[in-house]
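All remarks here apply to the structure that follows.
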Number of protein chains: 2
Amino acid sequence: MSSATITDVAQRVGVSVATVSRYLSGFNVRQRDEIENAIHELNYRPSAAARNLKSGRTATVAIVVPDISNPFFAAIASGAEAAAGPDYMVLLVNSGAVREREEKILGQLFGRVDGVILSPLQEDNEGPSFFSKYGLPIVFVDRITADADKFDSVLVDNVKGARLATEHLIALGHEKIAIITGPLHTTPGRLRAEGYTSTLKREKIALQKRYLIESDFTREGGYASMVKLLEDPIPPTAVITGNNLMSIGALEALKEKQIRIPEDISIIGFDDLEFPTLIEPGLTAIFRPWHEQGAEAMRALLARIAAQAAHTELSPQHHMVDVHLIERGSCAPPKGLPARSKG
Amino acid sequence: MSSATITDVAQRVGVSVATVSRYLSGFNVRQRDEIENAIHELNYRPSAAARNLKSGRTATVAIVVPDISNPFFAAIASGAEAAAGPDYMVLLVNSGAVREREEKILGQLFGRVDGVILSPLQEDNEGPSFFSKYGLPIVFVDRITADADKFDSVLVDNVKGARLATEHLIALGHEKIAIITGPLHTTPGRLRAEGYTSTLKREKIALQKRYLIESDFTREGGYASMVKLLEDPIPPTAVITGNNLMSIGALEALKEKQIRIPEDISIIGFDDLEFPTLIEPGLTAIFRPWHEQGAEAMRALLARIAAQAAHTELSPQHHMVDVHLIERGSCAPPKGLPARSKG
DNA sequence: TTGTAGGCGTTATCAT
DNA sequence: ATGATAACGCCTACAA
């Protein structure tokens with residue numbers, strides 16, 4: 001039987017439910033042993049739903065991400081979990097990068113969690129303040145919405161990362177530099193593109209629109225984008241890939257076309273790969289601490305929850321993790337790709 | 001304000017809570033527009049906790065896995081989610097491969113979910129039937145406990161997979177075959193080792209105990225185990241790695257020691273890598289459909305939940321997904337590794 | 001169609 | 001230290 005209640009336990013022992021409840025809360029009770037036995041024999045488990053309802057607290061937080069299969073988000077979750085400590089259960093929920101699912105999930109989470117860490121799908125939500133509807137503490141991680149200033153956030157320095165990558169390639173002598181970035185309505189997609197374009201501008205290199213490819217953060221998108229770049233009449237001599245999955249897709253495309261790295265083309269990834277030493281040559285990449293970014297988000301969320309519980313005003317906190325460039329073997333001075341024959 | 005209740009809405013409109021409740025359930029109500037407005041203005045969200053408590057149903061299922069950073073479990077989750085359909089919210093919870101956390105999580109989940117898909121940490125739980133305590137529907141995926149026959153399960157044919165790998169190496173002429181397997185108290189760790197030993201026995205190859213290494217399914221474990229094998233006075237000419245992460249660790253060790261694959265050593269992985277084409281040579285591997293295995297688990301769970309709701313007896317269902325060998329470039333006939341000088 | 005009221009399982013506030 | 005009892009927010013007969 002699954003449904004023994006606190007009442008059943010109380011009756012079996014011959015005490016009131018209050019006493020059992022006290023025992024459960026760690027108070028000292030005379031018949032503690034009998035109660036313990038009864039709980040064991042009846043397989044009694046406190047109903048979390050009832051507890052939530054009564055106490056208002058859930059001892060649970062959720063992390064809502066667009067793609068759980070992306071190792072980046074898995075690492076974010078992992079870091080957040082490590083920072084949550086034993087008092088909180090951490091739930092991971094996948095929105096599948098579907099806008100309406102994300103909204104539905106947030107609604108369903110309401111009342112079952114004390115707070116949410118969220119990587120929202122888009123920056124421009126309908127209405128000025130979509131997320132304000134949810135009265136629960138929210139911390140944005142990696143991505144923000146239009147009303148981001150009203151919420152805590154833990155971002156990465158996207159502009160700097162893209163700048164470092166672009167500068168590195170320029171320093172090597174590249175001018176035909178392309179970027180495969182994520183959707184421009186997402187924070188990392190937009191800001192990484194911005195870091196790229198602003199650096200080109202500062203270095204007096206004309207921006208070629210066809211070198212700025214808006215893709216979708218997926219491996220397939222990275223593959224297709226790289227193929228497209230290679231089919232250009234004047235293909236780039238260097239490419240920046242806008243996230244880990246697109247780096248992999250792009251590398252797969254290059255391998256398939258038997259284009260040598262870095263002899264034929266240089267490539268640099270935003271976000272390091274998980275197993276960087278296994279591929280040859282190693283991918284030069286913009287590194288940031290995934291795990292730590294998740295941990296920071298959790299700390300921010302717990303602070304926010306504590307503030308709310310104490311009815312304390314706490315202005316939105318905006319954190320940013322730093323990036324740096326890791327040089328491996330995927331970049332070299334340009335030699336130019338042989339002009340491609342059509343088809 | 002976060003805490004508008006159904007009562008607030010009812011009062012504002014001037015109807016009873018029952019009417020609002022009916023509106024929420026989709027019934028036709030006279031003042032539907034007014035109610036809708038009030039809900040919007042008050043930012044009212046139904047409390048999931050209260051609903052759960054009342055109805056007993058949660059429209060939620062959880063997947064509890066030992067390591068969310070392992071792409072295999074991410075894929076299981078992804079597949080399960082795809083099979084869950086829009087009516088269920090799917091929660092992912094990470095036990096972090098810590099026994100007591102797993103138990104705590106299961107306890108906390110009780111009353112907040114309609115069922116659980118679980119990859120338990122160990123086969124031998126204390127007491128004959130540890131999980132029977134939890135009255136909620138459980139489906140085991142990839143791993144089982146001692147009382148597995150009482151529960152639904154979706155496993156992979158571990159023995160066959162290990163046999164295929166071992167046979168493949170034997171057919172190439174290898175006799176000094178090692179295996180790096182997972183903990184023997186886990187299902188895949190134990191059964192993959194069994195498939196290996198039984199095949200050796202059938203093929204009349206003496207089992208060398210030092211060639212059977214019990215590791216821990218982690219990248220670090222795979223690395224250390226491979227290092228250990230290489231330090232053996234008579235190192236194996238072929239190695240089977242017991243999961244994806246250990247394959248990566250083992251490959252990293254080989255790369256670091258500059259041992260050539262397959263010239264110096266053959267290697268074959270249980271479970272394919274995610275990006276098999278990027279590493280050179282490609283890893284010959286035992287393939288199984290991760291995503292489909294997760295989907296199958298979800299279907300089993302939903303069936304179990306439905307049966308419970310209908311008070312129908314449903315004997316435990318045991319499913320098994322098939323495996324096959326994918327040949328790439330990491331295996332060749334043995335030439336023997338040069339005898340290693342100590343240190 | 002609508003309102004009233006009881007109860008889901010707990011916790012917390014009273015007395016005792 | 002213990003017991004009765006009133007919420008928590010919602011749903012659902014039962015009546016009207």
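Each chain gets a letter, A, B and so on, in the order the sequences are listed, and its residues count up from 1.
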Check: Considering all heavy atoms of both residues, which atom of B:S119 and which atom of B:D142 are nearest to each other, and what is their separation?
Finding: OG-CB, 4.1 Å

Notebook entry, point to check: How close or far is atom C1' of C:dG9 from atom CZ of B:R112, stated in whole angstroms?
Noted result: 14 Å

Next item on the list: Measure the OG1-CE distance between A:T58 and A:M89 for me, rounded to the nearest 0.5 Å.
Entry: 8.0 Å

Note to self: From CZ of A:R57 over to C1' of D:dC8, roughly how many Å is that when rounded to an integer?
What the structure shows: 16 Å

Check: For A:L121 and A:P66, which heavy atoms make the closest approach, and how far apart are they?
Finding: CD2-CB, 3.4 Å

Check: Nearest-Å distance, CG (B:L53) to P (D:dA7)?
Finding: 17 Å

Notebook entry, point to check: Per the end-axis method with five pairs at each terminus, what is the bend angle of the helix from C:dT1-D:dA16 to C:dT16-D:dA1, to 10°?
Noted result: 40°

Next item on the list: Indicate yes or no: does A:E123 engage A:R143 in a salt bridge with an N to O separation below 4.0 Å.
Entry: no

Checklist line | Residues B:S47 and A:R112: side-chain donor-acceptor under 3.5 angstrom | finding: no

Item checked: Atom pair distance, as rounded to whole Å: CG in A:D8 and P in C:dG9 -> 8 Å

Checklist line | Nearest non-hydrogen partners of A:A83 and A:R299, listed with the distance | finding: CB-CG, 4.4 Å

Next item on the list: Taking all heavy atoms of A:E102 and all of A:L118, pick out the closest pair and write down the distance.
Entry: OE1-CD1, 4.2 Å

Checklist line | Footprint string (nucleotides 10-16 of chain D, 5' to 3'): B base within contact, S backbone only, - free, heavy atoms under 4.0 Å | finding: BBBB---

Next item on the list: May I ask you to decide whether A:E34 forms a salt bridge with A:R12, counting only side-chain N to carboxylate O separations under 4.0 Å?
Entry: no

Item checked: Whole-Å gap separating P (D:dT2) and OH (A:Y23) -> 13 Å

Next item on the list: Round to a whole Å and report the spacing from CD of B:E34 to C1' of C:dT2.
Entry: 15 Å

